[in-house]
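Beneath this line is the structure, given in structure tokens, with notes to follow.
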Amino acid sequence: MKIYLSDTLSKKKKEFIPIDHKNVRIYACGPTVYNFPHFGNARMAVVTDLLVRVLKQKYKKVTFISNITDIDDKIIEAAKEQNVTIGELTNKYHLIYNQDMESLGVSLPTFQPKATDYIADMIDFIKILVDNKCAYESDGNILFDTDSYKYYGALSKRVMNDQKTGTRVKKANYKRNDNDFILWKPSFKNEPGWDSPWGLGRPGWHIECSAMSKKCLGLPFDIHCGGVDLTFPHHENEIAQSCSLGNGNLKPESFCNYWFHNGFVTFDNIKMSKSLGNIKLVRDLLKKYEGRVLRLCLLSAHYKQPLDFSENSLKQFKNYLHKLDYFYNVNFSEEYEREKIVNNNYFEEFLSSLFDDINTPKALRILNDHISKVRNTTLTEKKIILQSIFKSLKILGIEKSSLNKLENDKGEIMKLIKERENARKNKNFNLADELRDKLKKMHIEIEDTPDGTKWFKTK
RNA sequence: GGUGCGGUGGCGGAGAGGCUACGCACCGGCCUGCAAAGCCGAGUACACCGGUUCGAAUCCGGUCCGCACCUCCA
């Protein structure tokens with residue numbers, strides 16, 4: 001089965017063909033760690049996590065690199081305000097980021113490089129750019145000369161002269177061209193800095209991703225991920241830098257083959273912003289909703305589309321998962337964990353929707369179809385569908401974490417259930433309810449179904 | 001001004017010329033000791049105006065509205 005992905009550079013949905021079938025390589029721009037991650041950060045993480053899971057269905061090895069930016073002016077500022085070192089600050093928020101993402105079922109990337117561990121690589125990178133005359137010095141800064149790269153604007157489809165530069169930030173007069181960006185800047189007084197051929201300083205914003213993707217993945221690699229807002233200037237600048245390392249202007253494809261951008265998240269149709277005070281932190285949302293509810297919400301729309309969420313929509317996903325859990329409890333036990341699926345048409349159908357540009361809404365529809373089919377089919381077919389559903393839920397990452405485990409107290413549980421069944425037969429409902437309570441205290445929930453009483457652990 | 005993405009039923013959200021998307025909510029019925037789930041049925045859609053077509057939410061032209069980006073925001 002073929003995988004298709006939308007690609008921002010070519011503006012097309014393209015068949016995914018890896019450079020090396022034995023090792024698919026992906027890079028995603030990770031967070032700048034100076035604050036708690038919000039729901040928008042989470043979308044990128046969840047969506048790329050799913051992308052990796054899907055690719056792993058087809059390819060044995062997927063190397064997924066997602067960086068941590070731990071040097072930046074905002075970090076310096078925040079550290080100063082909180083009276084801590086930048087290391088203390090970034091370590092703290094790096095950890096928090098990983099914890100919060102874990103709550104959303106996001107696996108750690110294959111490797112999570114930190115920018116400050118790659119300063120030497122960045123310096124080497126910049127040296128080459130200077131030697132190639134793609135960078136120049138001005139007021140102590142080393143800047144990339146965007147005029148030197150003829151494909152500048154190819155990713156974001158911008159004709160640079162038509163852009164209104166300085167709409168948000170004042171024009172800098174040390175730049176030859178308004179689009180030029182800082183590769184290296186000098187550090188003063190208490191600012192953190194590293195020795196370089198251009199004196200004590202620190203890297204600009206875009207260079208870290210170029211240096212780390214080159215070092216950790218090699219060029220070119222397969223897929224570059226990030227939020228749409230990074231398309232310009234961040235990704236455009238990454239391309240310019242990374243394609244200026246050799247002789248002349250290399251085409252953007254010599255950096256990476258597919259650009260995978262996820263849409264923005266809004267709350268009640270309004271962009272989350274500090275000034276409006278409507279930033280939804282993952283941490284706070286987790287107080288009210290399970291990680292799975294949040295994950296489902298983030299996967300409910302196609303990744304490219306804008307995603308609006310609200311208290312109301314979260315409630316809807318919570319309700320949906322509640323019903324799904326009932327289904328899960330009644331149908332699955334530990335044995336499903338071990339079973340391997342072979343030639344399962346249902347699972348193929350499900351997977352084909354994800355292979356088609358990670359179409360999660362379609363995948364959810366197919367999942368729902370399968371669930372309703374389970375109730376209305378033969379026993380053999382039922383087993384096949386259930387296997388598919390089990391695996392489908394695992395890929396989406398919305399499976400229930402606790403399955404029935406064959407534990408020591410199973411005999412006791414079975415005994416109590418039997419007793420309760422007898423009590424019900426004899427219409428001794430008081431006793432039946434007492435036994436239910438007793439089981440509840442053992443963290444066992446029971447449900448009476450047409451196939452008899454089902455039980456499952458709640459912890 | 002430029003670039004990109006959108007406007008689908010009460011809500012979320014697919015689809016992309018003819019066939020019920022799906023989910024949540026709501027209403028009616030069935031089932032049910034309780035709890036939960038399930039089943040059957042009803043309803044409410046494709047921003048607007050033209051055009052193409054036997055047929056358009058889907059194609060074409062125009063209009064309106066929203067959002068994002070245009071140097072440090074995922």
Side-chain angles (χ1 to χ4, degrees), chain A residues 8 11 28-32 37-48 69 72-75 146 153 155-172 175 178-182 204-206 225-234 236-237 261-266 269-274 296-297 300-302 304-310 312-327 329-330 353 359-369 371-372 375-376 423-424 427-430 432-433 436 440 445-450 454:
Chain A
T8 311
K11 282 181 78 177
C29 292
T32 301
H38 57 69
F39 209 46
N41 301 108
R43 187 176 197 193
M44 190 285 284
V46 166
V47 160
T48 51
T69 297
D72 171 276
D73 285 359
K74 280 175 299 186
I75 291 174
T146 48
L155 182 71
S156 53
K157 323 286 179 229
R158 283 160 213 253
V159 178
M160 289 308 150
N161 292 337
D162 291 343
Q163 300 297 301
K164 270 189 189 172
T165 37
T167 44
R168 291 168 62 192
V169 169
K170 267 189 202 155
K171 272 165 105 171
K175 291 180 182 182
D178 291 326
N179 294 310
D180 294 353
F181 54 92
I182 289 179
W205 176 32
H206 316 286
C225 312
V228 263
D229 56 321
L230 293 183
T231 311
F232 192 92
H234 186 54
E236 199 73 72
N237 292 352
H261 287 116
N262 64 272
F264 244 68
V265 177
T266 54
N269 277 312
I270 300 165
K271 181 183 173 175
M272 293 187 279
S273 81
K274 273 185 191 161
L296 178 63
C297 174
S300 68
H302 187 93
K304 277 196 304 184
Q305 299 299 122
L307 176 83
D308 183 56
F309 78 110
S310 61
N312 182 26
S313 67
L314 287 173
K315 214 185 286 167
Q316 290 184 19
F317 297 116
K318 188 179 174 178
N319 289 345
Y320 173 74
L321 272 184
H322 179 76
K323 288 189 179 180
L324 195 65
D325 284 350
Y326 175 88
F327 182 85
N329 290 328
V330 167
S353 64
N359 193 336
T360 46
K362 193 174 171 191
L364 289 168
R365 197 212 73 208
I366 291 169
L367 183 71
N368 289 325
D369 282 355
I371 287 172
S372 25
R375 301 179 183 111
N376 199 3
R424 288 179 67 220
K427 303 218 186 281
N428 188 351
F429 298 121
N430 284 339
D433 289 344
R436 188 212 289 273
K440 209 174 214 165
E445 200 72 49
I446 49 172
E447 267 147 10
D448 300 321
T449 77
K454 301 274 183 177

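In what follows, every chain begins at residue 1, and chains take the letters A, B, ... in the order their sequences are listed. Quick caveat: nothing in here was measured; it's all calculated off a predicted structure.
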Gap between atoms [atom1] and [atom2], on [X] and [N] respectively (whole Å):
X	N	atom1	atom2	answer
A/L364	B/A21	CG	P	17 Å
A/K304	B/A14	NZ	P	11 Å
A/L321	B/A36	CG	C1'	16 Å
A/L314	B/G13	CG	P	12 Å
A/K440	B/A36	NZ	P	10 Å
A/H234	B/C69	NE2	P	16 Å
A/E445	B/A37	CD	C1'	13 Å
A/L307	B/C11	CG	P	17 Å

Look at all strands and tell whether [X] reaches a base, only sugar-phosphate, or nothing, counting heavy atoms closer than 4.0 Å.
X	answer
A/G40	base
A/V265	base
A/H302	sugar-phosphate
A/Q305	sugar-phosphate
A/N237	nothing
A/G263	base

[X] side, atom [atom1]; [Y] side, atom [atom2] - distance, nearest 0.5 Å:
X	Y	atom1	atom2	answer
A/F232	A/T8	CZ	OG1	14.5 Å
A/H206	A/L230	NE2	CG	10.0 Å
A/F327	A/N368	CZ	CG	10.0 Å

Partner of [N] by Watson-Crick or G-U wobble geometry, both contacts under 3.5 Å, or none?
N	answer
B/C67	B/G4
B/C59	B/G51
B/G33	none
B/G43	none

Which letters describe nucleotides 24-35 of chain B, given B = protein heavy atom under 4.0 Å from base, S = only from sugar-phosphate, - = neither?
-> BS-------BBB
Rounding to the closest angstrom, what is the interatomic distance between [N] and [M] at atom [atom1]?
N	M	atom1	answer
B/U32	B/A37	C1'	10 Å
B/G13	B/G7	P	10 Å
B/G50	B/C64	C1'	14 Å
B/C24	B/G66	C1'	25 Å
B/G4	B/G12	C1'	24 Å
B/A47	B/A57	C1'	11 Å
B/G2	B/G17	P	31 Å
B/G43	B/U20	P	13 Å

Which comes earlier along RNA chain B counting from the 5' end, the contact point of A/R365 or that of A/I182, where each point is its nearest nucleotide?
->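 Residue closer to the 5' terminus by nearest nucleotide: A/R365.
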Could you check whether A/F264 and the base of B/A68 form a stacked pair, meaning centres closer than 5.5 Å and planes differing by less than 30°?
-> no
Nearest to side-chain heavy atoms of [X], which nucleotide of [options]:
X	options	answer
A/N359	B/G15, B/C39, B/A74	B/G15
A/H322	B/G15, B/A36, B/G12	B/A36
A/R375	B/G38, B/A74, B/A14	B/G38

Can you check side-chain hydrogen bond (donor to acceptor under 3.5 Å, both in side chains) on A/N359 and A/S353, steps first, answer last?
-> CA-CA 6 Å; A/N359 193 336; A/S353 64; over 6 Å; no
Is the closest side-chain heavy-atom distance between [X] and [Y] below 4.5 Å?
X	Y	result
A/D448	A/R424	yes
A/L296	A/L364	yes
A/L324	A/I371	yes

Mutual orientation of the aromatic rings belonging to A/F39 and A/F309 [parallel < 30°, tilted 30-60°, perpendicular > 60°] =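 Correct class here is tilted.
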Apply side chain to side chain contact (heavy atoms under 4.5 Å, CB included) to the pair A/H261 and A/T231, showing each step before the final yes or no.
-> CA-CA 8 Å; A/H261 287 116; A/T231 311; 3.6 Å; yes
Distance check: side-chain N/O of A/N368 vs OP1/OP2 of B/C22, anything under 4.0 Å?
->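 A/N368 to B/C22 OP1/OP2: no side-chain N or O under 4.0 Å.
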Has A/K11 got a side-chain N or O lying under 4.0 Å from the OP1 or OP2 atom of B/G4?
->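 Affirmative; the distance criterion is met.
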A/N41 side-chain N/O to A/H38 backbone N/O, donor-acceptor pair under 3.5 Å =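 Present.
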